[in-house]
Amino acid sequence: MIRKHLLRKISVTLLSAIFLLNACAGPQTGSSQASQSESTVDSSSSESSKDSDMSKDTTSAAASESSANSGQNEGSSQTESTSATQAKNEVDSTQTESNPKDSSKETSELKWWQTTNVCEIYVRSYYDTNDDGIGDLNGITEKLDYLRDSGIGAIWLTPCYKSPQADNGYDISDYYDIDETFGSMEDMDRLLVESEEKGIKIIMDLVFNHTSNQNEWFLESSSSRDNPKADWYIWRDPKPDGSAPTNWRSIFGGSAWTWCEERGQYYLHTFLEEQPDLNWENPDVRNALFDVANFWLDRGVDGFRMDAVTYIKKPEFKDGKVDGADGLSSVHNMTANTDGILDFLHEFKKEVQEGKDIFTVGEANGVSTSELPLWVGKDGVFDSLFEFTHIIIDLADDTDWSKRRQWTLKDFKGYLTQSQENTAENGWSPIFFENHDQPRCIDHYFPNTSDENMAGKIIGTLMFTLRGTPFVYQGQEIGLRNVKWNDINDYNDINTINHYKYLIEHGHSKEEAMEAVHHFSRDSARTPMQWSAEDNAGFTRGKPWLPVSDDYKTRNVAVEEEDPDSILSWYRTMADIRASHPELVDGSYEEILKDNEQIYAFIRKNDSAQAIVLLNFSEEPAEYDPSIIDGAELIISSREKDNQAGKLAPLESAVYEIK
């Protein structure tokens, strides 16, 4: 597989040549105009180049060798189709290969994924080009210039493989094909080609804990107890009384076991019954999954986000302590991060990652900050890891959404600092405050009374000044908010619907249940992207699969691109600042003012400069020791007119630098 990956690096495929000859690629121009009104940016930031210096090899090559993979006979699209792989010559070590910004010699030892900014795209909700009300791959291709102008150097695509869509693509029926909902393999190839031309990497979502129950692997496994794939999933006999093997509750509610009549056994599903868990103890399963990953690397993708990876190793199958009114025990508490899981993932690293210039990031709910060194870094299994202590900060009970944990700014700061410190010498963190499974960050971390523009800028400042790779979730850069629909029937997310039903069944009123939905529902992150004030926010000319948020006429890309004081302009400016101030990329992290209940403050420092970041999370003025910024120059403030040493205006973000 390494040989094939190297071939990908030095040759352009026939399909790429065809695209070039037909001038399919979009415009190559465009630069960030991250102007400001109440902001100041130093000259080194404003002069930061948007042009990629990536060289392009124009030598054509033969079609992809993708059909040579032993595991590909399992998929429907593993024919002799031509791969979209393009030449990816090594970029000069002093430049950022993926992010369209110039870098400095001080970041030359870092990998491309450490110096770029990533945008997570929920494909279904990004941009619809065929008027069916659902976002598609061609929609992403059409918006590449927007992404590049926003400082984005890599895209994480949520699953677009063939799927019955029981969980919006996280139930995969064919790992080797694109679901027609989102387009075709040809559309995927076009995206790979054009994103490469614009200096944007593609990261795909690998869902390897489970498949769809319509996957050919499961259909064969469920047909009998003695077929070749009989042991590819987690099958267990019932208890003597005929009930499920354990009392585990699935993540989405109800038993984590479903009866299969054909086998006379139960199968385990950590999530929906349509998402049966794979048996990673079987080496044939692991090899089949490694083949999937290598197929997509050969096709031209640049890395993977590993979904729900902490559940792939199963413990002893026994009942857990009842932790809910339904008499069940959380499958997460019983199975997440089981001893031995790292052995599986080191094998994945050897078979998929080693010898290749790719990026891997794991979703690691259940991994504590103290365990991060085992998971990332030189001896870890991934390049980076999503851990969720700061995300689930207010989630008191993953079964009962009516319960809310109270938290303070010191708690929030502490979680982030722990993550920063535990990866300081060996490791790297993704910096994220939203994703497709979480509420919008302005609602998550700030009271309803807060100025949403100022609150959005605080998160934007954190994104680009903490040590790690910024992961912006679509719509976050324009300040999208949680939706608060009055009727549960307006919601699509099965997890939301199940939690609502649970609350109603356990004595809560409709109003109480809907309040919990408004706070935690995943649909708040999945409403269509708001591009303009046109019908359906410019997302589609058809009927959108999910209603557009009510504020789309005033909060959208078109409006914010024209407003120098908007959240979008702030995000673009902060991306410029990160690119032009190396200490914000490779510098150390030190929290200061730890006991301050209003201000989150920290220092990023390398051998050449140090940045002081001051964020007032409160709606009141805040004071601090002005000696902290002695000799420093203000790089940017969200309240420049009110900015003064030793004081922060309500919800002010300020970044200083000492050289």
Side-chain angles (χ1 to χ4, degrees), residues 159 161-175 205-223 225 229-239 242-282 285-286 288-289 306-320 323-324 326-338 341 344 363 365-366 398-399 437 493-499 501-502 522:
Y161 315 95
K162 191 169 286 296
S163 166
Q165 304 295 321
D167 188 24
N168 288 345
Y170 282 87
D171 50 317
I172 298 170
S173 58
D174 187 349
Y175 287 104
D205 217 325
L206 286 185
V207 186
F208 277 1
N209 175 71
H210 51 267
T211 70
S212 165
N213 62 352
Q214 299 304 306
N215 191 296
E216 290 182 1
W217 299 349
F218 183 77
L219 294 177
E220 182 175 351
S221 183
S222 62
S223 65
R225 295 194 185 196
K229 290 185 173 58
D231 194 31
W232 278 45
Y233 293 83
I234 309 295
W235 297 98
R236 290 294 182 274
D237 292 329
K239 290 179 178 178
S243 62
T246 71
N247 67 341
W248 298 350
R249 178 194 310 106
S250 81
I251 299 293
F252 292 162
S255 175
W257 298 93
T258 290
W259 177 255
C260 175
E261 202 65 50
E262 290 81 2
R263 288 186 54 134
Q265 287 182 305
Y266 284 90
Y267 67 86
L268 179 68
H269 50 90
T270 298
F271 297 91
L272 296 175
E273 65 178 87
E274 292 90 349
Q275 297 170 292
D277 282 23
L278 286 159
N279 179 17
W280 273 69
E281 301 293 341
N282 186 333
V285 171
R286 300 198 301 274
L289 295 175
M306 303 291 290
D307 177 72
V309 72
T310 50
Y311 301 117
I312 62 173
K313 174 74 175 180
K314 308 306 190 233
E316 180 183 355
F317 293 93
K318 61 181 181 180
D319 283 347
D323 56 17
D326 56 4
L328 300 176
S329 178
S330 167
V331 70
H332 169 81
N333 293 339
M334 296 301 296
T335 67
N337 198 14
T338 295
I341 187 173
F344 288 155
E363 180 190 30
N365 194 4
D398 60 4
T399 302
D437 285 334
D493 172 37
I494 187 65
N495 189 36
T496 296
I497 294 169
N498 286 345
H499 274 88
K501 291 179 178 178
Y502 177 92
R522 302 191 300 179

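Hydrogens, waters and symmetry mates are skipped; everything else that's a heavy atom, side chains included, is used.
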message: If I take atom CG from residue Leu289 and atom CZ from residue Phe344, how far apart are they, to the nearest 0.5 angstrom?
response: 11.0 Å
statement: Minimal heavy-atom distance between Pro315 and Thr338, with the atoms involved, is CD-OG1, 3.8 Å
message: Taking the side chain as everything from C-beta on, heavy atoms only, tell me whether Arg236 gets closer than 4.5 Å to Thr246.
response: no
- prompt: Would you call the rings of Tyr311 and Phe271 parallel, tilted or perpendicular if under 30° counts as parallel and over 60° as perpendicular?
  reply: perpendicular
- prompt: Could Arg263 and Trp235 be counted as a cation-pi pair, given that NZ or CZ must be under 6.0 Å from the ring centre and within 45° of the axis?
  reply: yes
- prompt: What orientation do Tyr233 and Phe218 show, parallel under 30°, tilted 30 to 60°, or perpendicular over 60°?
  reply: perpendicular
field: Side chain Asp171, main chain Gln165, donor-acceptor under 3.5 Å
entry: yes
message: For Ile341, is there any backbone N or O sitting under 3.5 Å from a side-chain donor or acceptor partner on Trp280?
response: no
query: Going from CD1 on Ile251 to OG1 on Thr270, what distance comes out if it is rounded to the nearest 0.5 angstrom?
result: 6.5 Å
Heavy-atom side-chain proximity of Tyr170 to Leu272 below 4.5 angstrom: no
Gap separating the CZ atom of Phe252 from the CG atom of Asp493, nearest 0.5 angstrom: 6.5 Å
query: Are any of the side-chain heavy atoms of His332 and Arg249 separated by less than 4.5 Å?
result: no
- prompt: Does Tyr267 reach the side chain of Pro276, with side-chain heavy atoms less than 4.5 Å apart?
  reply: yes
message: Trp232 and side-chain contact (heavy atoms from CB on, under 4.5 Å): which single residue from Asn282, Thr211, Asn215, Asn279 fits?
response: Asn282
query: Which heavy atom of Met334 sits nearest a heavy atom of Lys318, and at what distance?
result: CE-O, 3.8 Å
task: Taking Tyr175 for its side chain and Val207 for its backbone only, find out whether a donor-acceptor pair lies under 3.5 Å.
output: yes
query: CE of Met306 to CG of Asp205: how many Å apart, nearest 0.5 Å?
result: 9.5 Å
Atom of Ala336, atom of Gly366 and distance for their closest heavy-atom approach: CB-CA, 4.5 Å
task: Please report the closest heavy-atom contact between Ser212 and Ser173, naming both atoms and the distance.
output: CB-N, 3.8 Å
task: Identify the two heavy atoms, one from Asn333 and one from Asp323, that lie closest to each other, and give their separation to 0.1 Å.
output: ND2-OD2, 3.7 Å
- prompt: Going from NZ on Lys314 to CD1 on Ile234, what distance comes out if it is rounded to the nearest 0.5 angstrom?
  reply: 5.5 Å
query: Say you draw a straight line from CH2 of Trp217 to CD1 of Ile172; how long is it, rounded to the nearest 0.5 Å?
result: 9.5 Å
query: Is it the case that more than 12 heavy atoms not belonging to Lys501 sit under 6.0 Å from its NZ atom?
result: no
field: Under-4.0 Å salt bridge between Arg522 and Asp167
entry: yes
- prompt: Closest approach of Gly264 and Pro238, non-hydrogen atoms and distance?
  reply: O-CD, 4.2 Å
Side-chain heavy atoms of Pro164 within contact of Glu274, under 4.5 Å: no
- request: Test His210 against every option in Ile312, Leu268, Asp307 by the side-chain contact (heavy atoms from CB on, under 4.5 Å) rule and name the one that passes.
  value: Asp307
